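From a predicted model like this one, the values you see are computed outputs, not experimental measurements.
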Amino acid sequence: MTEERAAWTRDLLPVTVIGDLAPAARPSRALLDPASAALEPLAQRASRREGEPEPEPEPEPKPEPKPKAESELVREVPRELATDETLAGLGRIVTDPDAFTVGRGTFEIVKWPCSGWRQLDPGTGDEAGTTEGDFEVHWKGDFFYAENLAVATQNNKYLDGLGVPPEFASHAAPEAAEAIHLWMSDYHPDGGQLFWPRQPVPFVVCLGPSARGDDIRPEDMRAFLVPRGLGVYLHPGTWHNGVYVNPKYTASGPLRFLTRQGRVHARVSASWAAEFGALLRVPLH
């Protein structure tokens, strides 16, 4: 297992070590020598003096809890078609990225929060506007990587998902994932975010309502297929992560999306793995 895989496997799934049998799995004496095991209680009684009380029976050891099976850890997220109606409260379908700008009043920037009772001066607190650039995604084996070139930071390269549960993931695997497994999601409290594919391909997003706030749970998340030739705009506070594509669309190189978002780029995250012991499985096909 690579260091990269080991770092998050510890938080995602229980580790099964194959080696010596655990005590509970070792064969009992009764199985090895049935006659001796049956006679042992009689020999113990004969060795006690007359009138001596029988010793208290030793409590049976409690069985060790079994590690959760993969089916218990993976939460299936049903996928639906993205439309303005199905995205209500989460975002909107984009047919033209130029239609979503601060100047048009169609791209939301959240005013800077005040720490006291005095309010912001009119027309201030949201003047930083947006930043934009390419959001690149590609598959490498079972690993799905992304890089956000719109933000001026080194914290812009992500391992955004896996085609299989982490204990099976390999960079050398064929790039043929039918689903993507997610262990975290995030939201931006400072503004919305837009994704528009530079090439007209369908893609998938996994979204949760801002109304759930920091109490978001895995069952609150919904997956959406954005049809070919369209993009998606997310309201501030909408839980998401990135954009996910079928591996065939990155077979010849990274796929680029235009992304536009608040220039502050504040991010709040939830870990499905650490907080709920879960992975979200989102279908791609």
Side-chain angles (χ1 to χ4, degrees), residues 82 84 86-116 118-137 145-161 182 184-198 203-216 220-224 226 230-245 254-271:
D84 280 339
T86 59
L87 290 172
L90 302 169
R92 291 180 59 190
I93 283 291
V94 175
T95 57
D96 178 5
D98 291 336
F100 288 82
T101 66
V102 172
R104 290 174 179 265
T106 50
F107 196 105
E108 302 157 283
I109 297 295
V110 178
K111 285 185 177 291
W112 195 264
C114 294
S115 58
R118 299 185 187 277
Q119 299 302 302
L120 291 170
D121 288 344
T124 69
D126 57 359
E127 298 167 281
T130 60
T131 182
E132 64 182 62
D134 281 343
F135 192 92
E136 293 188 349
V137 300
Y145 291 101
E147 182 174 4
N148 188 351
L149 300 173
V151 293
T153 175
Q154 294 183 345
N155 183 29
N156 66 340
K157 295 181 180 180
Y158 321 113
L159 174 58
D160 252 4
L182 310 176
M184 58 85 65
S185 295
D186 61 70
Y187 70 86
H188 303 303
D190 59 296
Q193 187 167 15
L194 175 147
F195 291 101
W196 175 263
R198 298 288 194 185
F203 62 96
V204 174
V205 290
C206 185
L207 308 178
S210 61
R212 293 291 291 145
D214 291 347
D215 296 322
I216 194 76
D220 298 322
M221 303 299 290
R222 298 161 62 194
F224 297 90
V226 180
L230 300 176
V232 68
Y233 169 78
L234 308 178
H235 294 308
T238 293
W239 287 92
H240 66 289
N241 191 336
V243 289
Y244 315 114
V245 298
L255 187 66
R256 294 177 176 87
F257 288 73
L258 165 68
T259 187
R260 180 178 298 141
Q261 61 190 105
R263 189 175 294 276
V264 173
H265 190 227
R267 193 174 69 209
V268 179
S269 296
S271 172

Checklist entry - Rounded to the nearest 0.5 Å, how far apart are CH2 of Trp196 and CZ of Phe100? => result 10.0 Å
Checklist outcome for this item: Residues passing the side-chain hydrogen bond (donor to acceptor under 3.5 Å, both in side chains) test with Thr238, sequence neighbours excluded, are none
Checklist entry - Stepwise, does the side chain to side chain contact (heavy atoms under 4.5 Å, CB included) test hold for Leu234 with Phe195? => result CA-CA 9 Å; Leu234 308 178; Phe195 291 101; 4.3 Å; yes
Item to check | Point-to-point distance, once rounded to the nearest 0.5 Å, from CD of Gln193 to CG of Asn148 | outcome: 6.5 Å
Item to check | Those residues that, when tested against His188, pass ring-ring contact (aromatic ring centres under 6.0 Å, His included) (two or more places apart) | outcome: His240, His265
Next on the checklist: Does anything in residues 99-114 form a side-chain hydrogen bond (donor to acceptor under 3.5 Å, both in side chains)? List the pairs, not counting sequence neighbours.
Outcome noted: Glu108-Tyr233, Glu108-His235
Next on the checklist: One pair to check against side chain to side chain contact (heavy atoms under 4.5 Å, CB included): Asp186 and Asn241. What are the steps and the verdict?
Outcome noted: CA-CA 6 Å; Asp186 61 70; Asn241 191 336; 4.1 Å; yes
Name every donor-acceptor pair, under 3.5 Å, that has one atom in a side chain of residues 205-216 and the other anywhere in the protein, sequence neighbours excluded.
residue : atom : partner : partner atom : Å
Arg212  : NE   : Asp220  : OD2          : 2.8
Arg212  : NH2  : Asp215  : O            : 2.9
Arg212  : NH2  : Asp220  : OD2          : 3.4
Asp214  : OD1  : Tyr187  : OH           : 3.2

Checklist entry - Just how far is it from atom CE of Met184 to atom CH2 of Trp239, taken to the nearest 0.5 Å? => result 8.5 Å
Item to check | From CA spacing to verdict: side chain to side chain contact (heavy atoms under 4.5 Å, CB included), Val232, Phe224 | outcome: CA-CA 10 Å; Val232 68; Phe224 297 90; over 6 Å; no
Checklist entry - Taking only residues two or more places apart in sequence, or in another chain, which ones meet Arg92 in a salt bridge (charged side-chain N to carboxylate O under 4.0 Å, His left out)? => result none
Next on the checklist: To the nearest 0.5 Å, what is the distance between CD1 on Ile93 and CG on Leu87?
Outcome noted: 5.5 Å
Checklist entry - Would you say the side-chain atoms of Asp190 pair up with the backbone N or O of Ala266, donor to acceptor, closer than 3.5 Å? => result yes
Checklist entry - Are Phe257 and Phe203 near enough that their ring centres are under 6.0 Å apart? => result yes
Please tabulate, for the side chains in residues 121-135, all donor-acceptor contacts under 3.5 angstrom to protein atoms that are two or more places apart in sequence or on a different chain.
residue : atom : partner : partner atom : Å
Thr124  : OG1  : Asp121  : O            : 2.7
Thr131  : OG1  : Ala150  : O            : 2.7
Glu132  : OE1  : Arg260  : NE           : 2.7
Glu132  : OE1  : Arg260  : NH2          : 3.2
Asp134  : OD1  : Arg198  : NE           : 2.9
Asp134  : OD1  : Arg198  : NH2          : 2.8

Checklist entry - What distance do Asp160 atom CG and Tyr145 atom OH have between them, rounded to the nearest 0.5 Å? => result 11.0 Å
Item to check | Set of side-chain contact (heavy atoms from CB on, under 4.5 Å) partners for Ser115, sequence neighbours left out | outcome: none
Next on the checklist: Counting C-beta onward and ignoring hydrogens, is there a side-chain heavy-atom pair between Val268 and Pro189 closer than 4.5 Å?
Outcome noted: yes
Checklist entry - Hey, are the side chains of Arg267 and Asn155 touching, using non-hydrogen atoms and a 4.5 Å cut-off? => result yes
Checklist outcome for this item: Between Gly231 and Val226, the two heavy atoms sitting closest are O-CG1, 3.8 Å
